[in-house]
Chemist: 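I am attaching a structure below and will ask some questions about it afterwards.
In what follows, chains are A, B, ... by sequence order, proteins preceding strands, each numbered from 1. Everything numeric here is computed off the predicted structure, so don't read it as measured data.
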Amino acid sequence: MEEPTRDFVISVRNLAKMFPDQEGNPVRVLDGINLDVKPGETLVIMGGSGCGKSTLLNCLIGELRPEEGRILYQTRAMSRPADLLGMDEEAMNELRMRFGILFQSGALFNSMTVAENVALPLREHSYVDPSIIDIVVTLKLEQVHMRPHREKMPSQLSGGQKKRAGLARATALDPEILFYDEPSAGLDPVTSAAIDDLIIDLSKKLLVTSVVVTHEMDSAFRIADRMVMLDRGRVLKVGDRAEFEKLRDTPPEQLATNEERLIHQFLRGNTRGPLTDAEGMSEYEKWIVAG
Amino acid sequence: MSEAAPETGPGRLTAGIIAVGHATQNAYRGLIDRVRYVGGIGYLLADTVRWIGRGTYDRRARVSSSTLAAQMVRVGVRSIPIIVLVQTFIGIILALQLAPTMQDYGSIEKIAVIVSIAMFRELGPLLSAVVLSGFAGASIAAELGAMVEAEEIKALRAHALNPIRFLVVPRCVATVVMLVGLAIVADVVGVLGGLFTAWGVLDVPPLIYLDQTYLAVVYKDIFTGLVKAGVFGLEIAMIGCYEGLNVRGGAEGVGRATTATVVKSIVALIATDCVFTTVFYLFKL
């Protein structure tokens with residue numbers, strides 16, 4: 001097993017996660033993932049539906065327990081890297097306070113107002129006076145341009161507003177790492193671009209490390225410093241945004257390997273190419289072809 | 001594995017053996033599922049008790065009084081009218097059902113004795129619990145189920161907030177406390193239902209009725225009823241929370257959890273009641 005590099009916030013080594021299929025046999029949804037997230041960068045994890053990117057995110061945030069591998073975290077508060085998988089509940093909670101997550105739906109608590117949602121982590125994890133909490137909440141909401149909506153209930157908000165409010169709550173405890181799960185999903189292009197700007201803005205202003213899971217290519221190219229392409233539970237390519245831009249803009253016949261052509265097809269959103277060929281024919285199609 | 005049953009003798013035997021094998025396998029799986037369910041509820045209960053215990057000395061593990069009050073209002077206060085209505089009817093029904101027999105014995109005023117003992121020991125707690133399983137249990141399951149679907153539970157954990165402490169503990173405490181309270185209300189209105197029926201229909205003077213009630217009911221009748229109410233409350237809360245937190249499959253899953261909560265709660269309530277009654281009988285309580 002190769003040793004993790006030193007300069008990282010998160011380092012994933014040989015990660016494997018299995019789920020049982022319908023017959024109960026284990027299927028490797030993640031298969032030997034190696035990945036480093038460097039301090040201060042915005043890393044975009046992308047891939048088609050079912051490639052394992054959501055599973056990877058759930059493993060990173062401690063929602064799922066992988067069967068094999070290590071997930072090392074090194075936050076500013078840690079003297080040395082700690083393996084997520086070896087942590088007890090208390091250590092896990094300490095770490096969770098160092099990161100924020102923007103869920104796909106925003107995941108606001110529906111029984112609370114926007115302001116109460118943002119105040120909740122502050123109220124529960126700090127001993128500060130309610131008046132101070134109120135000021136912090138105002139600041140956090142201002143950061144995402146949601147101050148006028150502070151007294152609204154989540155059901156009164158639009159999709160984009162929910163994500164903004166979710167982002168304000170995710171940043172409430174001044175996290176070092178922000179995870180975004182499909183930040184553009186279900187939003188119109190303008191709102192989606194506005195959320196992207198916000199992600200860029202926050203990572204600059206708050207000096208956070210961001211990990212974004214998405215399959216929206218416009219958004220990915222706007223926000224990424226580095227990108228990771230996953231396919232069927234494996235890392236296909238890790239590289240700078242420029243490398244991926246080059247892959248996207250090169251015609252497929254000039255690309256050397258099948259993997260590059262596959263990434264090109266994904267980035268371009270073409271219906272024909274190795275990605276769709278690799279999925280293969282269904283049993284029905286094979287039966288038709290075989291006569 | 002052959003699906004079609006062959007027509008010949010030995011083939012039929014094989015098919016029969018296979019069918020028995022399948023039935024055994026299904027029964028075994030069913031048993032495992034049930035054991036897993038009870039085990040899951042047991043774990044949830046243990047975790048809930050642990051968090052309640054921690055809340056007594058650790059400020060950060062404590063449930064805020066406003067959250068608890070909100071749950072109490074939702075679980076208990078809102079169900080008072082329906083409990084009053086149901087238990088009054090039960091009091092009236094009991095009095096009228098008993099009347100002919102008691103008239104035959106020439107001691108119509110003894111209706112008060114039977115109505116009060118039945119209400120305090122049995123019907124007050126049990127029927128309040130049945131009403132509450134539909135009223136509170138189902139709504140707890142639906143609410144938590146919707147929270148699971150909206151990733152709210154995940155978000156709680158992501159903010160280092162334990163969902164058991166944050167969601168289950170207040171609902172559990174509120175249901176237990178309020179069901180004990182509701183059982184007291186139920187006892188009183190049940191007795192009053194009997195009293196007004198005896199007075200208005202059967203010509204038993206209210207003072208005699210009350211006197212008979214006072215003489216008949218002893219502390220242990222009230223106490224055993226309230227202990228049962230507390231345990232029933234715990235069961236409803238645990239089943240509702242467990243079903244809600246384990247919702248899978250969107251709106252349909254939430255619907256399934258709601259129905260399952262009511263059905264399983266009622267079965268659990270009556271089974272527990274049977275156990276309690278046996279124990280109380282054996283120990284002459």
Side-chain angles (χ1 to χ4, degrees), chain A residues 23-24 54 57-58 60-64 87-112 116-127 130 154-155 162-163 165-173 175 177-182 185, chain B residues 1 25-26 28-29 32-33 36 43 46-47 50-51 54-55 58-71 73-75 139-140 142-167 169-171 174 244-245 248 250-251 254:
Chain A
E23 272 102 50
S54 291
L57 182 74
N58 280 323
L60 291 180
I61 63 174
E63 271 293 311
L64 285 177
M87 288 183 189
D88 58 10
E89 192 63 20
E90 207 163 316
M92 189 70 225
N93 281 340
E94 283 292 320
L95 179 65
R96 278 173 175 146
M97 281 189 251
R98 304 308 309 156
F99 61 63
I101 306 165
L102 175 62
F103 290 95
Q104 200 167 343
S105 59
L108 296 173
F109 304 121
N110 275 313
S111 55
M112 301 177 187
E116 284 167 349
N117 261 283
V118 182
L120 183 73
L122 294 160
R123 221 176 49 212
E124 292 293 327
H125 296 305
S126 65
Y127 289 99
S155 58
K162 277 183 190 165
K163 293 214 176 178
L167 201 45
R169 190 182 64 188
T171 56
L173 291 172
I177 311 159
L178 272 172
F179 293 99
Y180 300 85
D181 186 10
E182 307 274 4
Chain B
M1 204 185 305
Q25 201 177 19
N26 286 341
Y28 174 72
R29 279 198 190 131
I32 292 289
D33 281 349
R36 193 174 286 154
Y43 267 122
D47 248 9
R50 195 168 58 88
W51 277 105
R54 253 183 87 172
D58 185 356
R59 185 196 80 98
R60 290 166 78 102
R62 205 165 293 162
V63 176
S64 75
S65 50
S66 60
T67 313
L68 194 58
Q71 289 303 326
V73 169
R74 176 194 146 169
V75 169
S139 100
I140 288 173
E143 186 195 19
L144 296 190
M147 289 181 81
V148 169
E149 286 302 315
E151 294 183 303
E152 286 182 45
I153 309 284
K154 228 167 145 182
L156 271 179
R157 271 199 297 269
H159 285 291
L161 299 170
N162 188 298
I164 309 281
R165 183 213 126 195
F166 214 76
L167 300 170
V169 168
R171 280 160 184 78
L245 289 174
R248 298 280 176 280
V254 177

Chemist: Please give me the minimum heavy-atom distance between Glu151(B) and Gln104(A), naming the atom from each residue.
Modeler: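 Shortest heavy-atom contact: OE1-N, 3.5 Å.
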Chemist: Tell me, for Ala172(A) versus chain B, whether the close heavy atoms (under 4.5 Å) come from the side chain, the backbone, both or neither.
Modeler: neither
Chemist: For Tyr180(A), check ring pair (Phe, Tyr, Trp, His ring centres under 6.0 Å) against everything at least two apart and list the hits.
Modeler: none
Chemist: Taking all non-hydrogen atoms of both residues into account, name the closest pair between Ala160(B) and His125(A) and its distance.
Modeler: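 That would be O-CE1, 3.3 Å.
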Chemist: If I compare all heavy atoms of Ala155(B) with all of Phe103(A), which pair ends up nearest, and what's the gap?
Modeler: CA-CE1, 3.4 Å
Chemist: Heavy-atom cut-off 4.5 Å, strictly under: side chain, backbone, both or neither for Ile153(B) against chain A?
Modeler: neither
Chemist: Does Lys154(B) form a side-chain contact (heavy atoms from CB on, under 4.5 Å) with Asn58(A)? I'd like the steps, not just the answer.
Modeler: CA-CA 10 Å; Lys154(B) 228 167 145 182; Asn58(A) 280 323; 3.1 Å; yes
Chemist: Drop me the distance from Asn162(B)'s CG to Glu124(A)'s CD, to the nearest 0.5 angstrom.
Modeler: 11.0 Å
Chemist: Measuring heavy-atom distances to chain B, does Leu108(A) have an atom under 4.5 Å in its side chain, in its backbone, in both, or in neither?
Modeler: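 For Leu108(A), the backbone is the part near chain B, not the side chain.
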Chemist: Could you tell me which portion of Arg62(B) (side chain, backbone, both or neither) has an atom closer than 4.5 angstrom to a non-hydrogen atom of chain A?
Modeler: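 For Arg62(B), neither part sits under 4.5 Å from chain A.
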Chemist: Quick check on the interface: out of Asn110(A), Ile101(A), Leu173(A), who has the most heavy-atom pairs with chain B under 4.5 Å?
Modeler: Asn110(A)
Chemist: I need the minimum non-hydrogen distance between Met112(A) and Phe166(B), along with the two atoms involved.
Modeler: CE-CE2, 4.3 Å
Chemist: Nearest heavy-atom pair of Ala150(B) and Ser105(A): which atoms, and what distance?
Modeler: O-OG, 3.4 Å
Chemist: Using non-hydrogen atoms only, which part of Asn117(A) is less than 4.5 Å away from chain B: side chain, backbone, both, or neither?
Modeler: neither
Chemist: Under 4.5 Å, counting heavy-atom pairs only, tell me which of Met147(B), Glu143(B), His159(B) racks up the most with chain A.
Modeler: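 If we count pairs closer than 4.5 Å to chain A, His159(B) comes out on top.
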